[in-house]
Amino acid sequence: MEMEGEIKNFIMVWSVASATMCYCHRIGKLIPEGTSRLIALFPAIGILLLLPLRLISVHLGGPSAFFLGWLSTFKLILFAFGKGPLSSNPPLSLPHFVPIACLPIKFEHDPKHQIPQKKHKSPFSYASTSMVIILAALIPLYGKKEYFHPKFVFFLYGLHMYIGLEFIFATVSAATRKLIGVQLEPQFKEPYLCTSLQDFWGRRWNIMVNRVLHPTVYDPVKNLSARVLGRKWAPLPAILASFAVSGMMHELVFYYIKREKRTWEVWEPSWDATCFFLIHGVCVAMEVGIKKSLRGKKQWQVPRVLSWMLTLLFVLYTAMAFFLPALARCRVYEKATRELTALTQFLMDVYGLYSLQGSHK
């Protein structure tokens, strides 16, 4: 019954979110961009921040918190000032506005949304299939995790999270492409091939978040910093600000998914995730600063293989030291195991009920 109740709440949450975006679409037609539109959108932003509180599962509540509590609220802030994916010329129609506002998606079509562009490859590649096989092989290891070193367990958790997200986004991308002609923004672009932290965060990992943070945090801070530091060094504080905001929003998502009851609880962040992003923000800013200071000079090029190994080791070490322990303290992996068991039982009950009805016919 718990799983059934969570599914009903999930449907309710996304129904209310869709209705809220209809209101936002109407506000965009009635109120010109600027502070007045932002004030009119405040109730919608508040609703989007409250909706994930109705979900307590990892698999349904986690993505909902990420999409609605973070990405959608940032998109509405940009929309208030005529920026971001919700602002276009001509304005988006309601059937296009709602899914783009709620989900990390982009059009497959030309700007008029009429002529299909080139055909996309199926998201289910051999690599995706291999990842699912690896994920299935990881699950039995959790039952023996007491025999493994804690760092190795965190590595398994991280690998599980990455593969699971890749598969979920590939599945939803295929569904949205068939149903409404749009595709999900790519979340990852082979992050295991990164050759620098700037490459990892800017082009390979959390691409959707990067595209949202750039106009909401990075650009405003960069413009303000340019007046004090000049255009050359203005990106450095902008990078630090972007990573700080990312850390705070991750703490918020962790708050949503760690709750055991559908009520408001006292927010007690561990700050591990914030520390993780601040460390990476400082390192990315240092990397960008060194590149700028050496521009135009004869540079010693680090071998690509060495830079790949150093970057990957740094990301893995800091993730296992800060990010993954924060997830473990939220009991994410224990909750996920219970949810998969409950989901299996729920599907078996539904199948048994269907079979029973069929036998009486």
Side-chain angles (χ1 to χ4, degrees), residues 10 13-18 20-22 24-25 41 44-45 47-49 51-52 55 58-80 83-88 92-109 111 113 117 120-124 128 161-191 200-219 242 245-246 248-250 252-254 256-257 277:
F10 178 76
V13 164
W14 282 92
S15 298
V16 174
S18 299
T20 301
M21 293 311 179
C22 292
C24 296
H25 182 264
L41 292 175
I45 294 174
I47 290 173
L48 293 176
L49 289 171
L51 282 176
L55 300 170
V58 174
H59 295 92
L60 298 180
S64 298
F66 177 57
F67 293 160
L68 300 178
W70 184 354
L71 294 183
S72 293
T73 55
F74 277 50
K75 288 179 183 178
L76 289 183
I77 293 173
L78 290 173
F79 177 62
K83 299 179 180 180
L86 300 179
S87 301
S88 66
L92 294 172
S93 63
L94 182 62
H96 287 142
F97 183 93
V98 172
I100 289 179
C102 291
L103 299 169
I105 58 178
K106 65 178 181 180
F107 283 108
E108 290 191 305
H109 303 140
H113 317 308
Q117 288 182 339
H120 292 269
K121 298 189 298 182
S122 171
F124 295 100
S128 300
M161 179 184 69
Y162 167 62
I163 294 174
L165 288 174
E166 281 272 29
F167 181 74
I168 289 172
F169 277 88
T171 303
V172 179
S173 179
T176 52
R177 181 180 297 120
K178 292 293 184 182
L179 292 174
I180 56 177
V182 293
Q183 68 171 30
L184 284 173
E185 294 275 8
Q187 176 73 348
F188 309 107
K189 188 178 180 182
E190 299 176 325
F200 179 82
W201 290 111
R203 291 180 285 271
R204 297 186 180 276
W205 185 270
N206 256 358
I207 297 176
M208 292 180 298
V209 172
N210 182 50
R211 290 177 179 173
V212 170
L213 286 176
H214 208 277
T216 53
V217 180
Y218 180 86
D219 287 342
S242 298
V245 171
S246 181
M248 290 299 298
M249 296 309 296
H250 275 83
L252 178 61
V253 173
F254 289 178
Y256 284 127
I257 63 179
F277 284 100

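Numbering of residues begins at 1 and proceeds along the displayed sequence. Here the structure is a predicted model, which is why all the values come from computation and not from measurement.
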(message) Could you work out, with side chain to side chain donor-acceptor pair (under 3.5 Å) as the rule, every residue matching W14, not counting sequence neighbours?
(response)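 Checked W14 against side chain to side chain donor-acceptor pair (under 3.5 Å); matches are S64.
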
Output the distance between atom [atom1] ([X]) and atom [atom2] ([Y]), rounded to the nearest 0.5 Å.
X	Y	atom1	atom2	answer
K75	C24	NZ	SG	12.5 Å
I257	L252	CD1	CG	10.5 Å
L94	C22	CG	SG	4.5 Å
S72	L103	OG	CG	7.5 Å
N210	W201	CG	CH2	10.0 Å

Residue pair [X] / [Y]: nearest heavy atoms and the distance that separates them:
X	Y	answer
R203	K189	O-CB, 3.7 Å
H25	L92	NE2-O, 2.9 Å
C102	A17	SG-O, 4.1 Å
M21	F97	O-CE2, 3.3 Å
L49	G69	CD2-O, 3.4 Å

Using side-chain heavy atoms (C-beta onward) and a distance below 4.5 Å, is [X] in contact with [Y]?
X	Y	value
V13	L60	no
T216	K83	no
L68	Y256	no
L78	L86	no

Report the residues that fulfil side chain to side chain contact (heavy atoms under 4.5 Å, CB included) with [X], sequence neighbours left out, ordered by chain and then residue number.
X	result
I77	I45
S246	W70, L213, H250, F277
P191	Y162, F188, F200, R204, W205

